[in-house]
Protein chains: 2
Amino acid sequence: MRSGMVSIKEVAEEAGVSTATVSRVLSSSDHVRPELRQRVMEAVEKLQYRPNLVARSLRSQQSNTIGLIVSDIRNPFFTSISRAVEDSAYKQGFSVLLCNTDEDPEKEKIYLQLMRDTNVAGVIFSPTRQIMSDLASLPFDFPMVIVDRSVPDVDVDTVLLDNVESAYRLTSHLISNGFRRIGALFGETSTTGIQRQRGYEEALKAHGIPLVPEYIKHLQPRVEASYKIATSMLQLPHAPDALLTSNSLIMEGALQALRACNLSIPEDIALVGFDETPWTLLVQPAITIIAQPTDEIGKTAADLLFQRIAIPTRPTRQIILKGQLMVRGSSTPLHLKAM
Amino acid sequence: MRSGMVSIKEVAEEAGVSTATVSRVLSSSDHVRPELRQRVMEAVEKLQYRPNLVARSLRSQQSNTIGLIVSDIRNPFFTSISRAVEDSAYKQGFSVLLCNTDEDPEKEKIYLQLMRDTNVAGVIFSPTRQIMSDLASLPFDFPMVIVDRSVPDVDVDTVLLDNVESAYRLTSHLISNGFRRIGALFGETSTTGIQRQRGYEEALKAHGIPLVPEYIKHLQPRVEASYKIATSMLQLPHAPDALLTSNSLIMEGALQALRACNLSIPEDIALVGFDETPWTLLVQPAITIIAQPTDEIGKTAADLLFQRIAIPTRPTRQIILKGQLMVRGSSTPLHLKAM
DNA sequence: TTGTAGGCGTTATCAA
DNA sequence: TTGATAACGCCTACAA
């Protein structure tokens, strides 16, 4: 169809050699007489020939594309991950197919099938909890790396944050700053939320603070859902004196809720969460968070994937990266509060 | 290579028909005896057959992939665009190849070549100014839609904001609120910056306010660059009483600079810019901006592209969408300032 | 060292 | 209505 479509055959004719010779010159490996090599390269130049990657992929049964399947690229965590992945891929000569699942298992399945049908070299995937039980039986026969979420009982490369530990530290930080009634909003679709809840609960227990069911909520990781649930939690008879949120979208909704209720931070209520975003430092007070090393997570995931593509039988690895507690004004100790 | 790789040939054998018949059943167009159709569908089901899209693409000379080439997916504007594009693509059965160019003309060329080599159905592209002169001579023979930036002298579908007009309105808003010394930070890599500068200058002229060269800066659209240049502008003998920024990254850097200089907004200085981000409403005071309809821009670009893919000879269109001025606290009138 | 030829999995043409 | 068969563009035994 394409006008400028010039194939290896035409190059061969132009150079007066066979297509095999052209192919050899291009793969640059084999022995080709310098003179012929020269002729071929001139023909390539003259005709502006570029190998058709589709044909190459069909023939070689592999491709230079990897898939990146996340819930929503607009989640700053995934935005950053995707950039890091794309960078690594670019350096390796790969390109990235971007897929948003909206935490919808159906879309996840569809995209996994697409990855198979399209013969990608591999996939970096952040799955919902629902899909995971099916994961073993699903038709993914390509290399895969899981990011951000853990998949128990499946032998697969994984890059994770130390979620339990990070949530524990974040919660302990609040407690040691004098906060006791710590409301917590967790995403309900991922294992990450569960793990962070565990860290939160362990920290409370370790400090002898009872769990209050009304202070623990699970929700879709969306701004609106979070706004709504945070607002209702703020209207409890014994409203929390601190809010812990398990990702930046939930934090955004919670902050909107605090603003709408005219509460000052941290005088009326503290706010902490996960993920560095442009705004955690821009709002006043700045927000105390666990910063995830998103660049490194993305880069590590890509590295793992390329290693597995290179050596499919390689033993799988689970890499756990540490989050960093960034203490800021939103969780200033009670005794420092204005009276 | 793949274990589960089952081809049309095996389906044909299983069903006791030819591959042609299987193909016909799958493309569902041709006339096939119901009984055979049934047998084929059973075989497909039994073998879990899925067509190999690479082979299909090679044969049909078209693909179900589109390219999205932007400067940086982490720019909230492009984050949002990419999500909208992916949504539209998904609905049309296409998937999206994501490319970050970092405003680097070399990377732009490489990615455009990749798009050609990979035989994508089309490309949505946000080009630098540098690449545009080459654009006509570059080997892009695929359908293309330009977003966010204008390409003069090239006949190509385009989706744009009314940049001149929007910047004019934003500047006029500042002026009518009593601000006179309006510093402005524009991105230097895109036509967008230039157009917004024009709107800014026209507004000043229309109100009889002289242009001050020191108040006009061009920079890489990055937070750090913006922070640096904003800081130096704030240290001018006659520092600006308002800052206009041409995208959200520049606005972010400028806001950091204001914070670092301990200036209050809008008492000491006003701040306005382009693009809705999570934080324009979360910081206090909220930031006055021109909101771009990113969802619509992305959707429109995708629509244009699919239409062009369907009818390559279709006359090109330039679609200009209107930005919306969102007046907020960061540009409150001078006479309302605390004295 | 070079060329011929077959096949990757599809679809489309042409006979039957 | 169905089935051989020939491409799509590339790579790679194998033969020369």
Side-chain angles (χ1 to χ4, degrees), chain A residues 1-41 43-44 47-64 114 116-121 141, chain B residues 1-41 43-44 47-65 113-114 116-121 141:
Chain A
M1 282 312 82
R2 298 282 185 61
S3 48
M5 253 316 195
V6 28
S7 77
I8 201 172
K9 200 171 157 189
E10 298 163 72
V11 176
E13 281 169 14
E14 174 73 25
V17 298
S18 75
T19 61
T21 301
V22 177
S23 182
R24 285 192 193 99
V25 171
L26 265 50
S27 60
S28 71
S29 51
D30 265 333
H31 312 270
V32 178
R33 193 146 46 98
E35 184 204 327
L36 282 196
R37 175 180 300 274
Q38 178 65 18
R39 288 225 306 269
V40 168
M41 299 206 324
V44 164
L47 270 47
Q48 292 276 17
Y49 168 76
R50 315 216 80 231
N52 180 324
L53 297 185
V54 176
R56 182 176 283 178
S57 175
L58 176 60
R59 166 66 226 231
S60 67
Q61 298 291 54
Q62 44 186 335
S63 86
N64 291 303
L114 177 73
R116 189 180 89 151
D117 301 345
T118 210
N119 202 23
V120 294
D141 43 4
Chain B
M1 281 311 83
R2 298 282 183 63
S3 46
M5 252 317 194
V6 31
S7 78
I8 201 172
K9 202 171 155 189
E10 298 162 70
V11 176
E13 281 169 14
E14 173 74 24
V17 298
S18 74
T19 61
T21 300
V22 177
S23 181
R24 283 192 194 101
V25 171
L26 264 51
S27 60
S28 70
S29 51
D30 266 335
H31 311 268
V32 178
R33 196 150 41 102
E35 183 205 327
L36 283 195
R37 175 180 299 273
Q38 178 65 18
R39 288 225 306 269
V40 168
M41 296 202 331
V44 165
L47 271 48
Q48 291 275 17
Y49 167 76
R50 312 217 83 229
N52 180 323
L53 297 185
V54 177
R56 180 176 284 178
S57 175
L58 176 62
R59 168 65 226 221
S60 66
Q61 299 291 55
Q62 43 188 338
S63 86
N64 291 302
T65 302
Q113 282 182 334
L114 177 72
R116 190 180 87 151
D117 302 345
T118 211
N119 202 24
V120 293
D141 43 5

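The basis for the numbers below is simple: all heavy atoms, side chains too, and nothing from hydrogens, waters or symmetry mates. Residue numbering restarts at 1 for every chain, and letters A, B, ... go by the order of the sequence lines.
- When the side-chain nitrogen and oxygen atoms of B:R56 are compared with OP1 and OP2 of C:dT11, one or more of them lie within a distance under 4.0 Å.
- Listed nucleotides: D:dT2, D:dC10, C:dT10. Nearest to the side chain of B:V32: D:dT2.
- If you measure from atom CD of B:Q62 to atom P of C:dG9, you get 21 Å, rounded to the nearest angstrom.
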- Task: Decide yes or no on side chain to side chain contact (heavy atoms under 4.5 Å, CB included) for B:L53 and A:L114, but give the supporting numbers first.
- Result: CA-CA 9 Å; B:L53 297 185; A:L114 177 73; 4.0 Å; yes
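- Side chain of A:Q61, nearest nucleotide from C:dC8, D:dC10, C:dA12: C:dC8.
- For A:T19, counting side-chain heavy atoms from C-beta on, the closest listed nucleotide (C:dT10, D:dG3, C:dA5) is C:dA5.
- Atom CZ in B:R33 sits about 8 Å away from atom P in D:dG3, given to the nearest Å.
- When each of C:dT10, C:dT2, D:dG3 is scored by its nearest atom to the side-chain atoms of B:S18, the top-ranked nucleotide is D:dG3.
- Note: NZ (B:K9) to P (C:dG7) measures 8 Å, nearest angstrom.
- Nucleotide C:dT10 holds its C1' atom 14 Å from the CD atom of B:E10, rounded to whole Å.
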- Item | Steps toward side chain to side chain contact (heavy atoms under 4.5 Å, CB included) verdict (B:Q62, B:N119) | CA-CA 7 Å; B:Q62 43 188 338; B:N119 202 24; 5.7 Å; no
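- Separating the CG atom of A:L58 from the C1' atom of D:dT12 is a distance of 14 Å, rounded to the nearest angstrom.
- Comparing atom distances between the A:S23 side chain and each of D:dT2, C:dG9, D:dT12 picks out D:dT12 as nearest.
- Heavy atoms of B:T21 sit under 4.0 angstrom from primed sugar atoms or phosphate atoms, though from no base atom.
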- Task: Apply side chain to side chain contact (heavy atoms under 4.5 Å, CB included) to the pair A:V17 and A:V40, showing each step before the final yes or no.
- Result: CA-CA 8 Å; A:V17 298; A:V40 168; 3.9 Å; yes
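- Checked against C:dT11, D:dC11, C:dT2, the side chain of A:R24 finds its nearest nucleotide in C:dT2.
- Evaluation of atom-type donor-acceptor distances gives a pair under 3.5 Å for the side chain of B:R59 against the base of C:dT11.
- At whole-Å resolution of the value, CG in A:N52 and C1' in D:dC8 are 8 Å apart.
- Counting non-hydrogen atoms under 4.0 angstrom, A:V54 reaches nothing in the nucleic acid.
- Using a 4.0 Å cut-off between charged side-chain N and carboxylate O, B:K9 and B:E13 make no salt bridge.
- One atom, CD1 of B:I8, and another, P of D:dT5, lie 17 Å apart when rounded to the nearest Å.
- Both B:A55 and B:G16 lie near DNA chain D, and the one whose nearest nucleotide falls closer to the 5' end is B:G16.
- Side-chain contact between A:V44 and A:L26: present, with at least one pair of heavy atoms (C-beta onward) separated by less than 4.5 Å.
- Going from atom CG of A:L26 over to atom C1' of D:dG9 covers 13 Å, rounded to whole Å.
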